[in-house]
Structures are given as C-alpha cells and as structure tokens.
Amino acid sequence: MEAILGKITGVVARGGDRFAISLTPACLLPERAAAPEWLRGAVLTVEREAPDQRELGGPGDSFVLTPDESARWLQPLTVTPEISYGKIPPKLEIRLAWWPVDPPPGVTVRVGRRRVEAIFARREGGYTAEVETDGLFSPRCKLPAAITVEFSGMAIHGAVLPIDEPFVTRLYLPGREIIRLENGWYGIDVVRRAGGAILAWREHGREIDHFAHPANRIGSELDMAGHRDRLREHWTTRERLAKAVPGSVRTWREEHLSRLRMKGRVDKILNTRVECALYDELPILLWRRIFETREFPSPKAGNPREPIDSVRSYGISMRGAWPAERGGDSGSRILCAFADQLVSLRDTQPGRRECCPDWRVEYGWMLVEHPDRRACGLYLFPPLPAPAMIFSTGTTNLILEPEWPMLPARAGDSFELPLALTMGECCGAAPAGAWVGCRTELPNGIRCAAIARLRDEKEGSAVFILGGERREVALQRRQLPDIGAVAWAVADFAGSGMDDPLEIAVAGIPQRRPA
Amino acid sequence: MNIFYPRTFSTDWEHFVVDRLERCVDTRRLLGFAGALNTELALPIIVDKASLEFPLGINTSFDQLRERIRRATDRAAELLREYDLDLFTAAAHPVEKFFCGAHVHVGTLLDETAGLRLENSLLEYAPAFAALAANSPVAYGMYLEFKSYRVHRHALGNIRPGMPRDPRTSQRIWGDDLGPKLNMTPTFEVRIIDCASSRQLLAELATFTAAFVHSRGNHLVEEPSPEDYLEYLINRWTAARDGMQATFRRRGKPLPAAEMVDEMLDGCAEELRALGISRAGLPIVNAMAQKRVCQADMVIPLAERYPDPYLLAGAYGKMLRHWEWFEEFLDGSPPLEPLPMLSNEDILTEHLKLIGEGTHLYGTREAMNFPPPAADAARAKLASAGRITEEFSLERGLTLSRITGGML
C-alpha cells in the first residue's frame with residue numbers, strides 16, 4: 001500500500017508523548033512516485049506518540065506516514081455506496097475527506113451523458129454532498145453501470161453491478177484503477193500495473209479475498225499478494241515488465257465468457273499482451289501472457305553482422321503470492337507431482353528461496369494450500385515444457401515462481417505462457433492429479449464445483465457431500481487452449497448453507513485435511 | 001614471542017548514507033564523497049557495497065583512534081549535510097538488502113602461518129565479539145528474532161563462520177569471522193563485529209578487540225578439536241540471537257557471554273596498557289558486560305513501536321544522528337538477565353524449525369552451519385526420534401519433511 005513521505009515543516013508538543021507534525025508531501029512510498037497534484041504545496045498535520053522527540057526529526061527532515069494516515073489525502077474523494085449489486089441506490093453520498101481550499105469546488109456526478117452538480121457541505125472533519133439518483137439513470141440503463149464522480153480534475157467511479165449475471169467492467173475506485181471480472185463464483189480484479197496483473201481474487205461464497213493484503217503496511221501490493229508475470233532476460237529476473245503499463249485495455253462479453261485484453265510495450269524491442277477469460281459457469285480463469293519481439297536496432301553502417309546479433313534470450317516466469325501461514329506443522333504449502341510422486345513443499349522461515357533447476361514440475365499443475373484459512377489455488381499450465389520449481393517465503397507471504405526455460409527470439413518471434421487458475425476452499429492432490437473445490441450461494445441453496453487436472457482421461461466422477469447430503473456427479477472434460485484437458489463437476493444442494501461442512505473427492509482423490 | 005610487532009590497529013567502519021527521501025545513496029554517487037573525504041582527512045576512505053567505508057588509518061593508541069573516529073565522522077556528517085544527506089550508522093537497514101560492519105584490523109602481522117594458527121585459537125572468542133557488537137535486530141525482511149541478523153545471515157556472504165585451518169594446506173580466503181589478511185595491509189582482521197552506532201563504543205570495541213588479539217599473539221595452537229569447533233558454531237548462533245544475554249558453552253558447561261567478555265578484558269590488561277588505556281578507560285564495554293546489554297537492545301523497543309519497516313527506517317535514521325544515543329540508553333537500562341545455554345534438545349529444535357516439507361538437506365545447515373558429521377548426526381537424531389522423514393531423488397537430492405506432532 002502507498003503512503004506519503006513528507007518534509008517536516010513543524011513539530012508541536014501536544015502534552016505527554018504526543019506531538020503534532022506538520023509536513024508537505026514529497027513523494028509516495030514505496031516507489032517514491034510523485035505525490036498527487038492536489039497535494040502540491042499542501043501542509044498536512046498528523047499526530048504521533050513518541051517517547052523521544054528526536055525520532056520524529058525537525059523541520060526539513062523526512063517523515064513517513066502510515067498507509068492509514070495517508071488515505072484521507074491520497075484518496076480524499078469517496079462515494080457511498082461504492083459498489084451496489086443489482087439495484088440502483090436511491091441516493092449517493094460523496095465524501096471529501098480533505099481539501100486545501102475551503103469551501104471546495106462543486107462536484108459533478110455523471111452516468112453516461114446525464115449529469116448532476118452538487119455542492120459540498122462541511123461535516124465531520126470533511127465535506128459531504130448528497131445526490132439523488134432519480135434523474136441520473138435512464139430507464140433502459142444496462143448493468144454494469146459506472147457512476148463517475150468528477151471533482152477538481154480527479155474522477156472516481158461508483159458502480160452498479162449486475163447480480164447473478166457475469167460481467168467484465170473497468171472501474172476507477174479510490175486509489176486504484178481495476179478491471180473487474182465477475183461470475184457466480186468469483187470477483188477478480190485485474191490491474192494494468194506490471195504489464196497486467198491480478199490484484200484481488202474474491203470468492204463470493206465465503207467472501208474471502210485469496211490475495212488479501214496485509215493491512216496498513218507500506219509496500220507494493222502485487223509484491224505482497226497477487227499474480228503477475230515476469231520476464232527473464234539474464235541470470236536474474238529483471239523487473240522491466242513490472243514497470244510496464246499497458247496502454248490499451250479492451251473488455252467484452254462473449255457467450256459464456258467475459259474477456260479482457262491488455263496491450264503495451266515493455267521496451268523498444270518487446271511488446272506484451274495479456275489475455276484473460278473468465279467462464280460464466282465455472283470457477284476457472286484463463287490467463288495468457290504473450291511477448292512479441294519487434295525489429296532489433298540496426299548496427300552502424302559498415303559494421304559486420306551475424307544472425308546472433310539479432311537474437312535475444314527471453315524466458316517467462318509467473319509469480320503468485322499469498323499471505324503465508326507459517327509453521328512447519330500447519331503452514332502454507334505447495335503441492336505438485338514429480339516422477340509419479342506427490343511432492344509437498346512447506347517452508348518454515350521467512351527470507352528463504354528454494355529452487356532446484358534439475359527438478360521440473362510435471363503434468364502441468366501446481367497447488368497452493370493454506371490449511372488454517374481453508375484456502376487453496378490450483379495453477380494449470382502446458383505439461384511441456386515443464387517449469388523448474390522455485391518458491392520463496394517473504395516476510396508475510398508465500399511466493400510461487402516457477403521458471404520456464406528461456407528461448408532465443410528473433411525479430412517478429414513471439415513467446416507466451418498460457419495459464420489457468422482456480423481457487424477455492426478445499427483441495428485434493430495425488431500423483432494422478434489435483435483438484436480444487438469451492439461453493440457459492442444460489443437463491444435457494446448452494447452450488448459446489450470441483451476443477452481437476454487428471455493424468456487419467458478415463459471417465460470418472462466427483463463426490464460432493466454437503467451437510468451430510470451426498471451427490472455423485474460424472475466428471476466432464478474441457479480442452480483449454482494450449483493447457484490441455486481440465487475435468488470439472490458441479491453439484492447443487494437445495495436447502496444447504498455456506499456453514500455446512502463440505503467434503504469432495506474427485507476421481508478417487510480424497511480431500512486433504514488439516515494434520 | 002608475540003607475532004604482532006609493532007602493535008597497531010584500526011577499524012574499517014561502514015555506513016549507509018541516506019537522503020531526505022530515505023533512499024540509501026548508491027555507489028556511483030558515494031564515490032565522490034569518499035574521494036573528497038579521502039583527500040581532506042588523509043584517510044583511505046572508500047565505497048564498499050553501497051556503504052561509505054572509513055578505514056581509520058594505522059593507530060597505536062586508543063586516544064588516537066577515538067580522535068580519528070570523531071574527526072572523520074564530524075567532517076563526513078558536515079559534508080553530507082550540505083547535500084541533505086545523513087549517515088545511517090547501523091549494521092543493517094530495515095528496507096535495504098545491505099549489512100554494515102566495523103571490521104577491526106590488528107597489526108602488525110607479517111607471519112601468515114602464525115596468523116592462521118592464531119585464527120584457530122581465536123575462533124573460541126569470536127562469538128564474544130559478536131555478542132558485544134550485536135546491532136542488527138532488524139534487517140530487510142527480518143524482524144526481532146535475532147539481535148544480529150548480520151551475523152546470523154552471514155552479512156549475505158560477507159562474514160561466514162570460520163573454519164580450523166592447517167597453514168600447510170590452506171589458501172588465502174576472504175570473508176570469515178576472523179583471520180589474517182596480509183594481501184592488503186599486514187593485519188589480522190576481526191570481521192564479525194557489527195557496525196557500531198556509537199563513536200565512543202567503536203573506539204572502545206576496536207581497542208579491546210585489538211588488545212585481546214595482541215594478547216593471544218603468543219598463544220598459537222593447532223586446529224581446535226571437532227567438539228571445540230562445534231561449540232564455536234553454537235556460540236556464534238547464540239550470540240547472534242541473544243547478544244550480551246547469551247550464555248555460551250565451554251566444554252559443555254554454561255558460560256555467560258558477559259563473563260567471557262569480563263574474562264577477556266582482564267586477560268588483556270597489559271595489551272590495553274600498551275594501547276594507552278586501561279580496562280577502566282572502557283566504560284561502555286564494561287557497562288555492557290555488567291548489564292548484559294548490547295546496541296540491539298536499544299533498537300528493539302523502537303522496532304516494536306514501528307512494525308512497518310519504512311516507518312522504522314525513518315525514526316531509526318533520525319535517532320542514529322545522535323552519536324550518544326547508545327550511551328544514554330545504556331545509562332538508563334536496567335541489567336538484563338542471562339538467557340539459558342542452548343541444550344542439546346534446543347539445538348535439535350533449531351534444526352527442526354527449518355524443516356517443513358520437502359526441505360532440502362542443506363536447508364537445515366543454515367541452522368548453525370554444522371559441518372557434515374554433526375549436521376548428519378542432528379538429522380539422524382531427528383529421524384530416529386520420529387520427527388522427520390527423508391526422501392531421496394536424483395533430481396532433488398535428499399529432502400526432509402517434518403512429521404506433524406509438535407516440536408521436540
């Protein structure tokens with residue numbers, strides 16, 4: 001999360017160990033990016049407790065705010081409700097937590113071509129404006145619909161999103177721009193950062209975010225949790241893709257699918273594209289990273305040139321990071337198959353990196369399991385070429401970063417990594433394959449699903465037991481482009497609830513249980 | 001006959017430099033400041049791994065070194081301030097992946113063979129220096145489990161546990177806890193010492209280290225026994241975790257780090273005198289031994305109040321501008337209790353802590369850096385106690401997995 005680093009203009013004792021620190025914003029941590037325009041020249045004040053005043057510093061010194069302290073200045077404008085499902089809210093409350101000028105200018109609320117102006121009134125340490133939505137939405141308004149709030153050069157979105165209907169839409173929420181893909185199972189937030197990455201993965205049924213970020217902590221959100229891709233050009237992974245921001249974003253609906261495509265440039269030689277699709281009926285997301293090489297710089301006239309002079313070596317990796325459960329007995333673990341064995345990897349200490357170049361992850365799947373919070377994620381990828389397993393433990397997270405072999409690329413060549421991801425609450429794994437199961441609420445019951453990667457393509461079944469009720473469902477198979485076959489099964493339970501214990505077995509692979 | 005003649009000493013004191021956006025200044029920019037200070041102070045000030053390193057010349061007395069420390073850092077701070085920069089004088093930075101030391105060079109040593117024998121004899125004492133100097137309880141991605149992450153994590157390969165060496169079959173190596181370093185200046189280098197945040201403490205610490213090494217200059221021994229070597233490794237780990245509260249092992253019996261330091265101070269009285277000081281003239285080191293307090297104990301409360309590394313770096317950096325911060329802290333600190341000596345079970349537990357599932361054999365070597373027979377014995381004990389299983393494949397080698405059921 002971002003936080004303000006400012007330069008102190010004054011420190012005033014407030015009694016006891018409390019001090020009021022005045023500062024002017026200098027930049028935003030962790031990237032030390034420029035502070036937003038509206039903070040230019042502003043003097044902000046925070047209070048801190050310090051047993052020794054020296055640790056605060058004095059005029060001219062730097063001073064770091066927490067993300068929570070920074071929020072009112074970095075995201076001063078909010079709209080409530082930010083997201084509504086299914087129904088247009090009768091009223092919107094626009095709140096301005098802070099503004100350098102009193103009174104602040106007016107605010108415009110817009111839905112399509114319809115617009116309403118409003119004036120802020122001072123209230124509760126900030127300003128609020130209320131807007132009736134009566135005249136804002138046309139009777140033929142289709143969901144998802146964005147409500148744009150424009151104020152002094154900044155714009156944020158509120159949104160009315162469909163209920164029980166899949167969609168993909170682009171939203172400007174306070175402090176972040178996202179592309180949200182939703183189906184009955186998930187709400188997935190993709191961002192343009194890092195060449196296109198997944199920042200949040202909410203499971204509707206249990207209302208949990210698999211990529212939840214630690215609260216009030218300064219750092220790159222994607223480094224802490226989320227999925228991003230990586231580009232290797234040398235011995236180490238250079239983070240050039242991390243700095244790429246696709247300029248083109250396109251979203252659209254197809255029959256049974258929500259789609260997103262983002263395109264951009266990594267540098268003068270390399271273009272990148274990410275293509276993403278969320279099935280309407282299944283808890284599975286397709287994610288494909290593509291790189292394309294352009295013309296290489298020409299040598300100086302008269303200099304000799306060999307074919308190798310127009311070649312670069314590139315490799316793609318992915319990086320999935322989750323909040324880690326620590327502990328050798330019960331912590332987060334990674335499961336995969338190798339040489340007809342199920343391999344379990346669980347690290348106990350932060351700051352470690354495990355890799356084994358000779359050891360390739362076979363059969364095109366990797367499973368991440370967090371037993372304490374009953375969360376798991378399954379990555380599917382082409383069985384060949386198999387990636388080398390690499391994982392590491394950060395201060396707060398578990399990072400899965402398999403590496404696929406590097407390849408030589410000439411101008412015009414392209415290389416890509418197709419992935420499929422599913423997340424849920426239970427899982428099973430064996431040398432024969434792995435699966436993840438999840439559930440979501442229906443108007444009159446519960447729908448459960450299991451997504452599996454199985455070596456054996458024979459017919460089989462999945463057994464679902466929810467609240468003591470048992471269903472055995474034949475496994476269906478779907479060929480995912482370049483990834484291979486995925487098996488799946490869905491079962492509906494009328495009258496059951498999200499609190500009922502769920503147990504699944506897929507093709508004879510039982511559900512894993514906490515030790 | 002003592003192998004050190006004439007008796008000289010110095011310290012290579014490394015500092016981060018931070019700007020007012022709290023960035024550590026990089027090597028490219030530091031080089032100019034190193035050059036300017038080098039010229040002005042007539043000291044070979046250099047840049048080493050993004051730190052400004054102050055080699056403080058050839059000294060023959062405590063007063064001389066103390067004066068050089070003051071002069072060099074006063075001028076450096078003044079020059080840096082012109083550019084809104086500050087020294088960040090700590091052994092580790094909460095946000096950056098660097099460590100800083102205060103290597104003590106003890107001279108004059110011309111006999112490398114004797115230096116190697118001295119290295120063997122001094123391994124036993126290296127943990128005491130680590131405990132006394134511990135000053136990195138927070139480092140990049142690491143928080144408050146050790147008092148010296150620099151020693152525990154080997155300063156990212158820049159200080160490694162030493163190993164007994166036979167001069168007849170040894171090559172020059174670099175980066176061990178201590179050893180002869182004749183390839184540059186004719187000295188014996190003690191690298192294990194964390195960067196000190198106090199100028200007075202650094203002067204005392206460097207003088208004490210030099211006097212003690214001088215005092216051992218005619219106690220040359222052959223290689224320590226495997227048992228003694230293991231104790232050194234265990235004590236090194238304990239010093240990194242507990243600082244001056246550590247209780248070492250000596251021949252299997254508990255020996256508090258503070259008592260060992262006390263014994264070492266008494267043991268080099270004559271050599272201290274030769275460097276123009278007495279034990280009573282080292283008030284900080286004496287108080288640290290008496291109270292079992294090290295610099296890490298000063299940083300811990302600050303880090304507890306600032307769990308976010310960026311916020312800690314800001315507050316820590318400001319406190320580090322005050323050279324007397326540690327003296328003030330030490331004055332006001334109550335004595336700390338010694339922590340219990342590691343039992344054999346504790347040692348196994350520390351090895352087990354590093355084993356999750358599919359942990360490579362070498363993952364456990366990071367526990368205490370035991371050599372293969374001792375590491376294998378620890379592994380065998382864990383296996384025979386039903387705590388771990390072992391698995392072998394040609395591709396991954398030997399991997400270990402914990403059997404669920406709690407710690408030993």
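Naming convention: chains lettered A, B, ... in sequence-line order (proteins, then strands); numbering from 1 in each chain.
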**Prompt:** Based on non-hydrogen pairs under 4.5 Å, which of A:Pro51, A:Cys27, A:Gly6 is most in contact with chain B?
**Reply:**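 Winner by heavy-atom pair count: A:Pro51.
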**Message:** Can you tell me which of A:Arg352, A:Gln341, A:Gln349 forms the most heavy-atom pairs within a distance under 4.5 Å of chain B?
**Reply:**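 Heavy-atom pair counts peak at A:Arg352.
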**Request:** Check the pair B:Trp325, A:Arg54 against side chain to side chain contact (heavy atoms under 4.5 Å, CB included), reporting the backbone distance first and the verdict last.
**Result:** CA-CA 10 Å; B:Trp325 180 28; A:Arg54 292 178 299 182; 4.2 Å; yes
**Asked** Does the side chain to side chain contact (heavy atoms under 4.5 Å, CB included) test come out yes or no for B:Arg20 and A:Ile8, once each step is laid out?
**Response** CA-CA 10 Å; B:Arg20 297 287 162 92; A:Ile8 295 177; over 6 Å; no
Answer yes or no: does atom [atom1] of [X] have more than 12 heavy-atom neighbours from other residues, nucleotides or ligands under 6.0 Å?
X	atom1	answer
B:Glu390	CD	yes
B:Arg305	CZ	yes
A:Arg18	CZ	yes
B:Phe392	CZ	yes
B:Tyr143	OH	yes

**Item:** Interatomic spacing from OG1 in B:Thr359 to CZ in A:Arg346 - rounded to 0.5 Å
**Value:**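 B:Thr359 OG1 to A:Arg346 CZ: 10.0 Å, rounded to 0.5 Å.
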**Request:** First locate atom CD of A:Glu55, then atom OH of B:Tyr306, and finally report the distance between them rounded to the nearest 0.5 Å.
**Result:**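 Answer rounded to 0.5 Å: 3.5 Å.
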**Prompt:** Are any of the side-chain nitrogens in A:Arg32 or B:Glu22 under 4.0 Å away from the carboxylate oxygens of its partner?
**Reply:**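 No salt bridge links A:Arg32 with B:Glu22.
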**Prompt:** Any salt bridge between A:Asp61 and B:Arg321, counting N to O under 4.0 Å?
**Reply:**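 Looking at B:Arg321 together with A:Asp61, the answer is yes, because their closest N to O distance falls below 4.0 Å.
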**Prompt:** Side chain, backbone, both or neither: which part of B:Leu394 has a non-hydrogen atom closer than 4.5 Å to chain A?
**Reply:**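 It is neither, since no heavy atom gets under 4.5 Å.
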**Item:** Side chain / backbone / both / neither for B:Ile355 at chain A, heavy atoms under 4.5 Å
**Value:**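 The backbone, not the side chain.
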Between [X] and [Y], what is the shortest heavy-atom contact and its length?
X	Y	answer
B:Lys318	A:Leu56	NZ-O, 3.1 Å
B:Gly141	A:Thr395	CA-OG1, 3.3 Å
B:Pro307	A:Arg217	O-NH1, 3.8 Å
A:Val64	B:Tyr310	CG2-O, 4.1 Å
B:Leu21	A:Ala26	CD2-CB, 3.9 Å
B:Leu311	A:Thr66	CD2-CG2, 3.5 Å

Go through the atoms of [X] and report whether side chain, backbone, both or neither lie under 4.5 Å from a heavy atom of chain B.
X	value
A:Leu65	backbone
A:Pro30	both
A:Arg360	neither
A:Ser330	neither
A:Glu49	backbone
A:Ile218	both
A:Leu5	side chain
A:Arg326	neither

**Request:** Could you name each residue pair satisfying ring-ring contact (aromatic ring centres under 6.0 Å, His included) that touches residues 327-349 of chain A, not counting sequence neighbours?
**Result:**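 Residue pairs with at least one partner in residues 327-349 of chain A: A:Phe338-A:Trp359.
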**Asked** What residue, out of B:Arg23, B:His360, B:Met142, has the most heavy-atom pairs lying under 4.5 Å from chain A?
**Response**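 Highest number of heavy-atom pairs under 4.5 Å: B:Arg23.
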**Message:** I'd like to know if the side chain of A:Ser344 reaches the main chain of B:Glu357, judged simply by a donor and an acceptor atom lying under 3.5 Å from each other, with no hydrogens or angles considered.
**Reply:**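 Absent.
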